[in-house]
Amino acid sequence: MAIIRAPRGTIDVFPEEPKIWIQLEQTVRSVCHSAGYTEIRTPIFEHTELFTRGVGESTDIVEKEMYTFRDKGDRSITLRPEGTAPVVRAYLEHKMWAAPQPVKVYYIGPMFRYERPQMGRLRQHTQFGVEALGSSSPALDAEVISLLISVYQSMGLEEFTVRLNSIGCPECRPRYKETLVKLLSKHLDELCIDCKSRLERNPLRVLDCKNERCAVFAKKLPPFFDYLCGDCKEHFKGVTTYLEALRLSYELDPTIVRGLDYYTKTVFEVMHSGLGAQNVLGGGGRYDGLAEELGGVPTPAVGFAAGIERAVQVLQNLANDKSYENNGRTGVFIITIGDEARLKAIHLTHLLRKHGVPADIDYLGRSLRAQMKYADKQGIQTVAIIGEDELKGGYAVVRDMVTGEQTQIEFDNLVEALR
RNA sequence: GUAGGUGUAGCUCAACGGUGAGAGCGCUGGACUGUGGCUCCAGAGGUUGCGGGUUCAAAUCCCGUCAUCUACCCCA
């Protein structure tokens with residue numbers, strides 16, 4: 001019978017193996033806590049409507065990437081493809097606009113998108129993100145950006161760049177779109193097929209087309225900065241001012257447009273080169289219209305989302321380059337010869353564990369030699385040997401697996417000596 | 001959805017259309033009655049992804065299918 005494998009685009013993670021995964025999660029938590037963000041855990045699935053309305057009907061996510069199904073109550077349910085809409089939903093549902101503002105939360109959890117897997121892209125992946133709701137201050141935009149950077153820096157990552165842009169608001173964006181369409185329709189023949197359709201559906205997308213000819217073209221287009229309304233212009237200036245106050249370096253990049261409809265004003269991405277064709281570690285922006293779009297009280301907000309797997313991939317390469325040490329031996333392994341010694345060892349193992357000392361014994365009835373070998377490969381720090389002589393004498397031979405030094409320690413003192 | 005690459009031992013990979021499909025690493029045991037790392041020896045482990053076709057003969061060639069990787073679209 002054929003073995004059952006993990007579904008396409010999913011992976012089994014062993015977060016303790018290289019430890020990076022766990023370190024990253026801990027870093028996210030501590031960085032967020034230090035800035036007054038508390039954790040939120042929203043459901044893995046939501047009503048489909050939350051995403052069609054929140055993320056946008058014409059986005060790729062909604063059009064072709066959602067895991068949507070009908071449950072037994074005939075409700076249309078969708079595995080969450082992103083984290084912002086659910087957080088805003090929770091904010092409105094729990095009337096958190098009545099709490100002191102801003103409300104600042106962070107999350108770590110799986111997201112689902114039906115895509116063709118490739119490097120840096122999975123059908124189930126993990127994102128960490130923050131959302132700060134209830135303030136339109138550009139200082140909050142800067143804070144959110146600084147948090148993301150802090151996470152990477154705390155993990156020892158340096159070679160990334162922060163790209164910043166503003167995509168305006170419902171007042172000035174239509175004007176910019178119009179001029180784009182006007183300019184581009186003069187050169188329809190020079191655009192790729194995709195961009196021709198983009199021109200009708202979402203002209204901003206032409207800006208970040210990877211097609212070389214389009215990219216050359218996009219660079220000649222006037223940047224959105226020039227078309228921002230007074231309010232947006234001022235906000236954007238505020239963001240850059242605060243970023244500079246935070247001593248954070250960034251690049252203005254008019255081609256950053258983001259793929260979700262809810263963004264307004266500030267958008268940003270953190271780029272890294274070690275991700276294959278993907279180059280985005282994380283990104284986000286302001287979404288001042290989302291709460292209202294979801295039927296709630298108008299609430300200005302900013303946030304970001306970043307990929308754990310992508311960060312781990314980059315950090316893994318970094319760790320390999322540094323060829324990090326493997327001297328982390330820990331724990332005790334009790335080696336026994338004979339059934340009686342084994343009984344003794346089981347009791348001692350239990351005691352050690354109760355005192356917080358990682359302890360283990362052989363479960364395969366192996367020879368002393370083989371048990372030594374096993375303990376060595378497991379990265380055990382100390383072995384305690386119990387055979388006939390030791391049983392009679394009431395002690396164990398304790399061997400340090402690094403130095404090779406051996407001493408005799410009485411059973412009664414063993415836990416104390418090894419803790 | 002589209003394009004290309006790859007599927008042989010647990011892992012990394014060999015094998016011109018022709019003997020019983022091999023190696024290294026790993027695993028298990030031994031050399032060493034009770035002492036790991038080094039060395040040596042032995043053993044276990046395969047439906048050559050699956051199905052069909054061509055052929056005297058297929059891991060090898062052809063078709064299909066599935067999986068996987070990479071890339072496009074787009075994103076984390």
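Sequence lines set the chain letters: A, B, ... in the order given, protein chains first and strands last, and positions in each chain run from 1.
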Using OP1 and OP2 only, check whether a side-chain N or O of [X] sits under 4.0 Å from [N].
X: A:Ser367; N: B:G30; value: yes
X: A:Arg258; N: B:A76; value: yes
X: A:Lys377; N: B:C27; value: yes

Which comes earlier along RNA chain B counting from the 5' end, the contact point of A:Leu260 or that of A:Ile385, where each point is its nearest nucleotide?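 Counting from the 5' end, the first nearest nucleotide belongs to A:Ile385.
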Would A:Phe112 and A:Phe45 count as a close aromatic pair, with their ring centres under 6.0 Å?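 So the answer is no for these two rings.
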Please confirm whether any donor atom in the side chain of [X] sits under 3.5 Å from an acceptor in the base of [N], or the reverse.
X: A:Gln371; N: B:G34; result: no
X: A:Arg399; N: B:G36; result: yes
X: A:Glu115; N: B:A76; result: yes

Applying the side-chain hydrogen bond (donor to acceptor under 3.5 Å, both in side chains) criterion to A:Tyr262, which one of A:Glu82, A:Glu293, A:Arg53 satisfies it?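 Single pass found, and it is A:Glu82.
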Candidate list A:His94, A:His47, A:Glu46, test side-chain hydrogen bond (donor to acceptor under 3.5 Å, both in side chains), partner A:Arg89, passing option: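 So the option named by the test is A:Glu46.
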Closest listed nucleotide, where the reference is the side chain of [X] and the choices are [options]:
X: A:Arg310; options: B:U35, B:U68, B:A76; result: B:A76
X: A:Arg116; options: B:C72, B:G36, B:U28; result: B:C72
X: A:Glu390; options: B:U68, B:G36, B:G34; result: B:G34

Could you identify which residues of residues 272-285 of chain A place a heavy atom less than 4.0 Å from some atom of RNA chain B, listed by residue number, or say none?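 Residues of residues 272-285 of chain A that come under 4.0 Å of RNA chain B are, in numerical order, A:Gly276, A:Ala277, A:Gln278, A:Asn279, A:Val280, A:Leu281, A:Gly282, A:Gly283.
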So which nucleotide does B:G7 pair with, by the Watson-Crick or G-U wobble rule with both distances under 3.5 Å?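 Result: B:C66.
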Under a 3.5 Å distance rule, please check whether A:Glu390 uses its side chain to pair with a backbone N or O of A:Gly387 as donor and acceptor.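 A pair under 3.5 Å: yes.
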Any salt bridge between A:Glu115 and A:Lys64, counting N to O under 4.0 Å?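 A:Lys64 and A:Glu115: not salt-bridged.
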